[in-house]
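Chain letters run A, B, ... following the sequence lines, proteins first and then strands; every chain starts at 1.
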Amino acid sequence: MVLTKKIEGKSVIGSPGHSTDEKRQQVGTFLRNADKSILRELEGRVILGLRRRGKMILIDCAGNRSILIHLKMTGQLFVTSHREPVDKHTRFILRFKSRSRELRFRDIRKFGFIRCLGTSEADGCPELAGLGPEPLDLDFRSFQSLLKGRGGRLKPLLLNQKIIAGIGNIYADEILYRARLDPRARVQSLKVKEVRRLWLAMRRILREAITLRGSSIRDFIDSERKEGEYQDRHLAYGREAEPCPRCGRKIARIRLAGRSTYYCPRCQR
DNA sequence: AGCCCATCCTGTCCGC
DNA sequence: TGCGGACAGGATGGGC
């Protein structure tokens, strides 16, 4: 993406907004979940690089400043023309020195956040410090030991960012479907063969999803405003009552870990 | 430890 | 067409 671009003077701004409702909002209100000091902290700095850790995005800037972003459910982070109209869900704009393009953070439900912190303290900040390992960095043995002694159920384990970082509701379901494992199964009860299937499925599903640039169900777009294509490959998630591609039985939907969970009651056990 | 629930917020969709 | 309720890629904190 945008490397070594200089952030311009008045570059970080709250959206002017177009609706009357928006006009009444103070900038401070509009930058909800964001530290206002980000405005002057970033001015004039050069972007040095981009990182990701679990679901957290980091933009490292010169002078030991980093921007930390979580998109949560409906967040979007994209580069666009400065001419592109700014809608009421846009919460943040980084304008670059070159002026013609800018980075925007849009978030309909406002669950996401963006804040500034010292690059050197980033790894130790609360949002990053507690995260488990990256799923694609885990070899089979490490994965095995990660599961050892856990009494809970499979799906909540996959969703737990402290155990493994980065897996969300869609991919938890897709991974378990591919591994042919019941989302409610006890982690302890898994045989070595099943742990192996889970590990393989995790790697396969995440790699494919990354290649296809993620799943756009409703709001998700990438940094170029492009939708992902992985939603077309979902075999379980969002397919309640549709036939299981493997056995034909209807995909079931249950509530687990507070989330909708789709699985095949025949294949997954 | 682990489970469920409510909560943050806006938008969409479905049944009546 | 309108209205109410359920639900949505996440994560946390409280209570049991």
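Within residues 144-166 of chain A, the residues approaching DNA chain B are A:Arg150, A:Gly151, A:Gly152, A:Arg153, by heavy-atom distance under 4.0 Å.
Within the nucleic acid shown, A:Asp219 comes within 4.0 Å of at least one base atom, counting heavy atoms only. At the heavy-atom level, A:Ser260 lies under 4.0 Å from the strands shown only through sugar-phosphate atoms. Here A:Ile217 lies in heavy-atom contact (under 4.0 Å) with a base. Counting non-hydrogen atoms under 4.0 angstrom, A:Tyr237 reaches the backbone sugars and phosphates but no base.
The residues A:Arg106 and A:Asp87 are annotated as salt-bridged, a charged nitrogen and a carboxylate oxygen being separated by less than 4.0 angstrom.
Stacking annotation: A:Phe111 is not stacked on the base of B:dC9 (requires ring centroids less than 5.5 angstrom apart and an interplanar angle below 30 degrees).
A sub-4.0 Å separation between OP1 or OP2 of B:dG11 and a side-chain N or O of A:Arg106 is absent. Here A:Lys55 reaches the OP1 or OP2 of C:dA11: one of its side-chain N or O atoms lies under 4.0 Å away. Close to B:dC3, at under 4.0 Å from its OP1 or OP2, lies a side-chain N or O of A:Arg186.
Remark: the separation of the P atoms in C:dC3 and B:dC8 is 24 Å, to the nearest Å. Taking the P atoms as reference points, C:dA6 lies 13 Å from B:dC5, given to the whole Å.
With hydrogens and angles left out, the side-chain atoms of A:Asp219 and A:Thr74 include no donor and acceptor closer than 3.5 Å.
Hydrophobic clustering of Ile, Leu, Val, Met, Phe, Trp and Tyr side chains at less than 4.5 Å, counting indirect connections, keeps A:Ile170 apart from A:Leu71.
Using the six-membered ring where Trp is involved, A:Tyr171 and A:Tyr230 have ring planes that are tilted, between 30° and 60° apart. Taking the six-membered ring for Trp and thresholds of 30 and 60 degrees, A:Tyr237 and A:Tyr262 have ring planes more than 60 degrees apart, a perpendicular arrangement.
In this structure, A:Ser66 and A:Arg51 approach most closely via the heavy-atom pair OG-NH2, 4.3 Å.
Glycosidic conformation of C:dG9 is syn; the angle stays within 90° of 0.
Taking atom NE2 on A:His89 and atom C1' on B:dC8, their separation rounds to 16 Å, with Å as the unit. Separating the NE2 atom of A:His70 from the P atom of C:dT12 is a distance of 8 Å, rounded to the nearest angstrom.
A 3.5 Å limit on both hydrogen-bonding distances identifies B:dC3 as the Watson-Crick or G-U partner of C:dG15.
Counting only distance, with no hydrogens or angles, the side chain of A:Arg203 and the backbone of A:Ile205 share no donor-acceptor pair below 3.5 Å.
For A:Lys88, whose side chain is taken as the heavy atoms from C-beta onward, the closest listed nucleotide among B:dG11, C:dC7, B:dC9 is B:dG11.
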